[in-house]
Amino acid sequence: MKKLLIIGLLILSPSVGSAKHRATAIPANSEFYDVDTNTFVDVETFAFGYILGHLKNPNGAHFDGEAVIKQVGQPAGRYVVGGWVDATNSFGATIRTQYRLIIVGSKGNFRVTNCVFN
């Protein structure tokens, strides 16, 4: 149920950011596929590093479980990643933040085309 909820939020959450980022959002009629273990680890490692790089205090961050990662369409190379991270804000309070990334590429050559923190 938790994974279905996350996928629903990933699709329905409004995109924020520049027009370029909104243009790379996932169409509502996209098909989603599970990813193999090696791809999952590669994409998750990249996503976690990207998120940590955008936090004010990455040393105190804790990811709540593993991310939900789905391949978007065929062929492989476009992924949607979602989950939660607990991190300390500027005032020292720990805040849980939901994240959604759209990542394109392959091992060693990933890039984020859309990033949403709620």
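Numbering of residues begins at 1 and proceeds along the displayed sequence.
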Check side-chain hydrogen bond (donor to acceptor under 3.5 Å, both in side chains) between N59 and all other residues, then give those that pass, not counting sequence neighbours.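 None.
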
[atom1]-[atom2] distance between [X] and [Y], expressed to the nearest 0.5 angstrom:
{"X": "R111", "Y": "Y50", "atom1": "CZ", "atom2": "OH", "value": "11.5 Å"}
{"X": "F48", "Y": "L101", "atom1": "CZ", "atom2": "CG", "value": "10.0 Å"}
{"X": "D86", "Y": "L55", "atom1": "CG", "atom2": "CG", "value": "10.5 Å"}

Any side-chain heavy-atom pair from [X] and [Y] closer than 4.5 angstrom?
{"X": "T88", "Y": "K56", "result": "no"}
{"X": "K107", "Y": "N38", "result": "no"}
{"X": "V85", "Y": "H62", "result": "no"}
{"X": "F110", "Y": "V43", "result": "yes"}
{"X": "Y33", "Y": "Q74", "result": "yes"}

Quick one: salt bridge (Lys or Arg N to Asp or Glu O under 4.0 Å) pairs with a partner in residues 31-48, sequence neighbours left out?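 Passing the test, one end in residues 31-48: D34-K70.
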
Chi angles and distances behind the side-chain contact (heavy atoms from CB on, under 4.5 Å) call for F46, I103: CA-CA 9 Å; F46 175 81; I103 297 174; 3.7 Å; yes

Hey, mind stepping through W84 and T97 against side-chain contact (heavy atoms from CB on, under 4.5 Å) and telling me if it holds? CA-CA 5 Å; W84 288 269; T97 302; over 6 Å; no

Closest heavy-atom pair and its distance - A61, L52: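 Residues A61 and L52, closest heavy atoms: CB-CD2, 3.6 Å.
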
Ignoring hydrogens, what is the shortest heavy-atom contact between R96 and D64? Give both atom names and the distance.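 Closest heavy-atom pair between R96 and D64: NH1-OD2, 3.5 Å.
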
Cluster question for you: counting only ILVMFWY and a side-chain heavy-atom cut-off of under 4.5 Å, with indirect links fine, are V104 and I69 together?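 No, because V104 and I69 fall into different hydrophobic clusters, even though each may have its own neighbours under 4.5 Å.
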
Please step through side-chain contact (heavy atoms from CB on, under 4.5 Å) for the pair F117 and I51, ending with a clear verdict. CA-CA 9 Å; F117 292 99; I51 292 164; 4.0 Å; yes

What class does the angle between the rings of F63 and Y99 fall in, given that below 30° is parallel, 30 to 60° is tilted and above 60° is perpendicular?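 Judged by the thresholds at 30° and 60°, the geometry between F63 and Y99 is perpendicular.
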
Between T45 and V41 (side chain of the first, backbone of the second, donor and acceptor by atom type, cut-off under 3.5 Å), is there such a pair?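 Side chain of T45 to backbone of V41, a donor-acceptor pair under 3.5 Å: yes, one is there.
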
